[in-house]
Amino acid sequence: MRLGKHVSIAGGIDKALDRAVKIGCNAVQIFASNPRSWQAKDLDPATVKSFIAGRNELDINPVVVHAIYLINIASPGEEVRKKSLQALKTDYRRSVKIGADYLVFHPGSHTGSGIERGIKKIAAGINEVLAEIQGSTWLLLENVAGAGTQLGASFAELNSIINQLEEPERVGVCLDTCHSYSAGYNLTREEGLDRLLAEFAEAGPGLDKLKILHINDSLYELGSNKDEHAHIGEGKIGREGFSLIVNRQEFQNLPLILETPWFDDREDDPDVDLIKSLRQEEEI
Ligand code: MN
Ligand code: MN
Ligand code: ZN
């Protein structure tokens, strides 16, 4: 099993690797720049080198980058969209530079301009980024909880975006369990997982596009459209829900990435340990 957690890059991106290993992970997710700022300082070449060497030595796989939160390439506003595209390009360039396998980002919100227009803008934005920057890093659309005018809570929307791409072979999907649950997919039950997977395969992008799972419990109830992560077993999905999820056959070869709160006061990570104990297989 490949299991990772989103960890801090304080002190440099190479420091993130040690944080992941320390809590028992063999995969990692990081921000490549400050998630709440449009400005990005240049990556220090020595740090990049040390990151790549460390990642190989420690066998950290995959390396996932999460794009900054401010990005909205679906925005009808010229200024926001321009800044968003610039930021996504910066994150993509950085991801390629550090040898990341995936760059995950949220499709965006149409803010009243309509679903179809929003989807067009997202696809056009992805096309622009990938035409401008070559690299083997996959761009992953993350499904969202569906608050307000957010796009990409439904698998059909993710599919329409991918259908408008010029290089769809460079784009996949990251499925977040908290977002799926909040968007109304009940993955706490076998039948709910059946429905989710059937919809993903039929109306959605298809299971071959599913590259990673974000495993987060949800503070809010099914269909709430609210995005608030809880520790595994402490939210509405619960320990039994995660037992079904992590043992589901279709998910067996997918890397699992936790985005649950960090435990500052301890050396281990109970979420990592719980996921390992729920997974019915050999030790990782
Ligand atoms: Mn996300
Ligand atoms: Mn997520
Ligand atoms: Zn979330």
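If you're wondering where the values come from, they're calculated on a predicted model, not measured in any experiment. Just follow the structure's listing: the first ligand is 1, and inside any ligand the first atom is 1. All residue numbers in this chain count up from 1 along the given sequence.
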Check this for me, if you would: do [X] and [Y] make a salt bridge, where the nitrogen-to-carboxylate-oxygen distance has to be below 4.0 angstrom?
{"X": "Lys97", "Y": "Asp42", "value": "no"}
{"X": "Asp271", "Y": "Lys276", "value": "no"}
{"X": "Glu250", "Y": "Arg248", "value": "yes"}
{"X": "Asp269", "Y": "Lys5", "value": "yes"}

Requested in this report: Hey, could you give me each pair passing ring pair (Phe, Tyr, Trp, His ring centres under 6.0 Å) that has a residue in residues 11-30? Not counting sequence neighbours.
Outcome: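 Residue pairs with at least one partner in residues 11-30: there are none.
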Report task. Output yes if His179 passes the N/O/S-under-2.8 Å test against the Zn ion (ligand 3); output no otherwise. Result ->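 Yes, since at least one N, O or S atom of His179 sits under 2.8 Å from the Zn ion (ligand 3).
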Report task. Sort by chain and number the protein N/O/S atoms found under 2.8 Å from the Mn ion (ligand 1). Result ->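 Under 2.8 Å from the Mn ion (ligand 1) - ignoring waters, which are not counted - the protein N, O or S atoms are His66 NE2, His106 NE2, Glu142 OE1.
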Report task. Calculate the angle formed at the Zn ion (ligand 3) by NE2 in His229 and OD2 in Asp227; 10° precision is enough. Result ->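 The two atoms subtend 140° at the Zn ion (ligand 3).
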Requested in this report: Step through the shown structure and confirm whether more than 12 heavy atoms of other residues, nucleotides or ligands are within 6.0 Å of NZ on Lys120.
Outcome: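 Counting neighbours around NZ of Lys120, 12 or fewer heavy atoms of other residues, nucleotides or ligands fall under 6.0 Å, so no.
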Requested in this report: Could you label the plane-to-plane angle of the His6 and His66 rings as parallel, tilted or perpendicular, counting under 30° as parallel and over 60° as perpendicular?
Outcome: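 Plane angle over 60°, so perpendicular.
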